[in-house]
Amino acid sequence: MSSDYNHKSIEEVIQKKWDQEKRYVSKIDDREKYYCLSMFPYPSGKLHMGHVRNYTIGDVISRYKRMKNFNVFQPMGWDAFGLPAENAAIENKVSPDEWTEHNIENMKSQLQSLGFSYDWSKELRTCDSNYYKWEQLIFKKFYDAGLVYRKKALVNWDPVDETVLANEQVIDGKGWRSGAQIEIKEIDQWFIKITDYADELLTSLDSLDWPENVKLMQRNWIGKSFGAEIEYKLEDDKKSLVTFSTRPDTIYGVSFLAISPNHKLAEDLSKNNKDIAIFLEKCKEIKAAEADIAKAEKLGIDTKLKVIHPLTGEKIPVWIGNFVLLDYGTGVVMGVPAHDLRDFEFAKKYALPIKEVIKNSGDELPNSNKGKLINSEKFNGIFSDDASKKIIQELIKLKSGKELVQFRLRDWGVSRQRYWGCPIPVVYENDEPKVVDENNMPVELPRLKENSLPIPLSQNKEFINLDESRYRESDTFDTFMDSSWYYARFTSSDNQKNIFDDNTKYWLPVDLYVGGIEHAILHLLYSRFFHKALRDIGLLEGDEPFKRLLTQGMVLKDGAKMSKSKGNTIDPQSYIEKYGADTVRLYMMFTSPPEQSLEWSESSVEGASRFLNKIWKLASKRKNLKFEKSFKFTKQELDLRRKSHLTLKKVENDYESRFSFNTAIASIMELLNFIPEDFKSESARDSQKFCLNEAILFILKMLFPIAPHISEYLWNNFINDKSCIETSWPEFDNEIVESDEFELVIQVNGKVRGKMHSNINMTEDEIKDLSLNIKNVKNIIGENKIKKIIFVKNKLINFVT
RNA sequence: GGGGAUGUGGUGGAAUUGGUAGACACGCUUGGCUUAGAACCAAGUGCCGCAAGGUGUGGGGGUUCGACUCCCUCCAUCCCUACCA
């Protein structure tokens, strides 16, 4: 064996071996299954550091689970539809499918060079008609189940390029290419009724082993709120405006109603009122994204209409407000300036009355706290919650309102006006939409003619026009549709006849899903919805797709997310070449815990490489020794054995329940540092050599999930039999781990004043006497009386004076 | 605007249940080896102080014998916000 650690040749040899053995092709067997999935990448061109981190975490856990005798399934594929392919086509004159194909090849070879244990036999890509024909079938089944409908919805329209823009393509209200002022336009689109499942999506979160913050985000996103629908009759008119409010207790504080600029009434009024028409035009300039609407200056215009307050009979003005969303509630807000910050600002700006109806001592206006009602006629003095109930009862009596549960969650608009996506399988016959028959699926995405730019399907006459009376839908699906069910299709991706099969039953649900925190809401919620809907259709079993979730933090450089526009990207490839896959993997796992963000540091990579070199030096020239009964261990030898077994125990816990790989690596490093120099020399006694070899054996096993190439290579050389490093995990010996000595901490008033080696069998009194005799402790206590002694067994004693 | 995180040495981070703050690593300093450098090896390294000791986990306040950890409050940074993936 060579004396230098040569990562290149080692990694090649080991990867070839895995390939020949087909080690990571998974089949159903008797062992407990473990489906470990990392979020598949969009094939943007090259792997970035976020991918490397994500996939290393998934691979470490997969390998560890394999050593623990689980039947592990870890597939990989490509989320291959999306906007960047179209952009690349426009910029570089390559067709989206060629560009995507090329990127996949490139990224696949990068993944392979990192030694991830994927079952490539199940690889899938969402842009294959073999994949998306099933997506079209799912759409049909959803349609048949009443989960699909058509509705007008808003899009960003670029009047110069004559195209719909994504939110990220709108910069400061202008189109990113044309620079034209974008408009908000309303067009017909397909929607999926995710709101039918709102309640279940909420309640079944409780059954999931997910990070609490992700569950909380989903709960808030679904946003179930209890409130009332309250009707305000328009003066001089039979019509009325209906508002939704979660705070009916503040109804006596209403000083205006605000309706959305997209509300039908607003549009009707604009026909005969120039000022309103101008105002609505102005509102159309604001980007449709929620954050932009919320940040924009709050503007309004008085419609001069008045409504009648259902309880007081007062006349209340109706305004149009640019901050009112049509999609949430009824598109009409009741303005209570005293108890809502937004309403307060609006009222101040337009000199509307502010009437306080909830009183808490010390609260300044505006405040949205609950409290006792004032200025509320017969409801005065009643507390908010109770008052809300009574007011709703009153409104019901007057036929002016009802109790209502409202969700913030909106139905999912899945239509996209793009080329590079899955065609929505619909044909219009005399303008009536009909979902395409299963026999006529897939509706294939038409290929581009050579050297032509991707045009939206709506402009592709050959594709669209079928005959005189029939034409195709020209929108494609949101790419979130593609990624909402891939976890299930992975299990049966080689089955051309059926969407799912027995393998699906065996492998699902995903036992661990690893991916970026940025997907906490949308992707994860859509997938959960898909799973439930597919269950109700009879295609899948179980209530949830992902049993356990690990959300990894971002990789940062100079405190910011790595991105091309900031020019702070680091290309993993050069590091893989220079230091090898094992070093890159080790670095990634060592630098910070998986859920935290990771700050890239150049020099720490070298540190990781140095550590592997040390392991190589220690292990490459040794052969394992079997335990001999004749060994009589010295204290120093026993100390090393204890350290080895303790480390094993800690690392197992870190892998198993905490996913705390950085601390696992730190303790392996500690063990390595702990080995006495003379144990390594040629002249060491056999019992010393045994203790050293035991440490090496453990180190190789513990390090394998993280740095598999070097560990397996050294293992094959070190161990005298033909055993495979990946098939077992060593067991620690509790008798060796336990020690009857510990270091006692002695405190005076909670401050450490001394330490002492103690035996676990010592009584509190013995410890007390010994501690009080320590010079420093004596000095600090001095003349003071000891009022109290806190004694924590096998840990500390604290004298309170 | 709403929602979710994070904040500890020069740097990445550790402290798992309220019980020794700074493990492990990077960097730096000094020394060894070397013609020189790289690599490697040894020692040191939160801050103030010669020392005794004091002080220290974003700021301020609180609970406790004891707080990075629990509570209140303020500040800063990052992520998501429904057409980026």
Side-chain angles (χ1 to χ4, degrees), chain A residues 39 41-42 44 79 81-84 87 153-156 164-170 189 211 213-214 216-217 219-221 223 288-296 298 323 327 341-342 345 408-418 478-480 483 516-523 525-526 551 553-554 556 559-561 587 590-593 595-608 610-611 613-614 617 650 653-654 657-658 660 662-663 665-670 673 743-752 754-755 787-790 792 795-796 798-801:
Chain A
M39 289 180 184
Y42 178 78
S44 54
D79 189 12
F81 274 137
L83 266 184
N87 296 333
L154 305 173
V155 293
N156 302 309
V164 174
L165 298 181
N167 283 334
E168 72 152 14
Q169 296 175 319
V170 181
Q189 305 195 51
N213 62 327
V214 176
L216 192 57
M217 277 191 261
R219 278 190 198 108
N220 290 332
W221 184 262
E290 194 193 334
D292 295 284
I293 294 166
K295 268 185 220 136
K298 279 162 201 59
F323 57 92
D327 294 316
L341 182 60
R342 259 186 332 189
E345 285 171 2
R408 204 186 78 99
L409 182 69
R410 310 202 290 257
D411 274 337
W412 179 11
V414 294
S415 293
R416 296 290 180 272
Q417 297 70 36
R418 319 243 174 265
D478 175 10
T479 54
F480 276 124
S483 54
I517 182 71
E518 65 273 20
H519 294 287
I521 293 168
L522 296 181
H523 164 62
L525 194 67
Y526 292 144
T551 47
M554 282 173 310
L556 308 176
K561 189 178 176 176
Y587 165 75
F590 181 58
T591 303
S592 64
E595 315 221 52
Q596 303 283 312
S597 59
L598 181 153
E599 174 72 32
W600 179 262
S601 145
E602 190 73 29
S603 48
S604 303
V605 185
E606 282 177 35
R610 214 171 291 168
F611 171 66
N613 267 298
K614 283 188 202 166
K617 264 195 205 159
K650 176 175 169 50
N653 180 46
D654 284 352
S657 52
R658 297 208 306 154
S660 170
N662 55 331
T663 54
I665 295 165
S667 49
I668 297 171
M669 287 173 169
E670 258 186 76
N673 295 342
E743 194 177 45
L744 177 90
V745 172
I746 303 147
Q747 297 182 338
V748 179
N749 293 325
K751 286 195 176 178
V752 181
K755 288 167 194 179
K787 288 180 195 147
K788 196 171 163 189
I789 294 171
I790 313 278
V792 183
K795 204 156 244 168
L796 66 80
N798 184 11
F799 299 100
V800 183
T801 64

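Numbered from 1 within each chain, the chains take letters A, B, ... in sequence-line order. Remember, it's a predicted structure, so these values are computed and weren't measured experimentally.
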Side chain of [X] (C-beta onward), nearest among [options]:
X        : options             : answer
A:Glu670 : B:A23, B:C79, B:G19 : B:A23
A:Phe590 : B:A82, B:A25, B:C83 : B:A25
A:Leu83  : B:G19, B:C84, B:G4  : B:C84
A:Glu290 : B:A82, B:C83, B:C24 : B:A82
A:Met669 : B:G4, B:G13, B:A25  : B:A25
A:Glu518 : B:U55, B:G13, B:C80 : B:C80
A:Gln596 : B:G4, B:U6, B:A14   : B:U6

Nucleotide paired to [N] in any strand shown, Watson-Crick or G-U, under 3.5 Å:
N     : value
B:U57 : none
B:C40 : B:G32
B:U45 : B:G27
B:A5  : B:U77

Practice task
Using only heavy-atom distances, decide whether a donor-acceptor pair under 3.5 angstrom links the side-chain of A:Asn167 to the base of B:C83.
Solution key: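 Answer no: no donor N or O sits under 3.5 Å from an acceptor.
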Exercise for the section: Return yes if the base of B:C83 and the side-chain atoms of A:Gln417 contain a donor-acceptor N/O pair under 3.5 Å, otherwise no. Expected result: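 Flag set: donor-acceptor pair detected.
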Just how far, in rounded Å, is [atom2] of [N] from [atom1] of [X]?
X        : N     : atom1 : atom2 : answer
A:Ile668 : B:A23 : CD1   : C1'   : 15 Å
A:Leu598 : B:U11 : CG    : C1'   : 13 Å
A:Ile517 : B:G3  : CD1   : P     : 17 Å

Indicate, with a heavy-atom threshold strictly under 4.0 Å, whether [X] touches base, sugar-phosphate, or nothing.
X        : answer
A:Ser483 : nothing
A:Gln747 : base
A:Ile790 : base
A:Asn653 : base

Examine [N]: is either OP1 or OP2 under 4.0 Å from a nitrogen or oxygen in the side chain of [X]? Give yes or no.
X        : N     : value
A:Lys788 : B:C65 : yes
A:Asn673 : B:A25 : yes
A:Lys751 : B:U55 : yes
A:Arg610 : B:C26 : yes
A:Asn662 : B:C24 : no
A:Ser604 : B:G12 : no
A:Arg658 : B:U16 : no

Handout entry: Distance in Å, A:Gln596 CD paired with A:Thr591 OG1, rounded so as to fall on 0.5 Å steps
Key =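 The CD atom of A:Gln596 sits 13.0 Å away from the OG1 atom of A:Thr591.
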Exercise for the section: Mind checking the CH2-OH spacing from A:Trp600 to A:Tyr587? Nearest 0.5 Å is all I need. Expected result: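 That separation rounds to 5.0 Å.
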Exercise for the section: For A:Glu345 and A:Arg342, indicate whether the former's side chain and the latter's backbone hold a donor-acceptor pair under 3.5 Å. Expected result: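 A pair under 3.5 Å: no.
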Atom [atom1], compared across [N] and [M]: separation rounded to whole Å:
N     : M     : atom1 : result
B:U17 : B:U6  : P     : 15 Å
B:G56 : B:A42 : C1'   : 30 Å
B:G53 : B:A5  : C1'   : 40 Å

Practice task
Nearest-nucleotide wise, let me know which of A:Lys650 and A:Asn156 is further upstream toward the 5' end of RNA chain B.
Solution key: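 Between the two, 5'-proximity favours A:Lys650.
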Handout entry: Comparing A:Arg342 and A:Lys755 on RNA chain B - which has the more 5′ nearest nucleotide
Key =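 Result of the comparison: A:Arg342.
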Practice task
Syn or anti for B:G9, please, going by whether the chi angle lies within 90° of 0.
Solution key: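 Glycosidic conformation of B:G9: syn.
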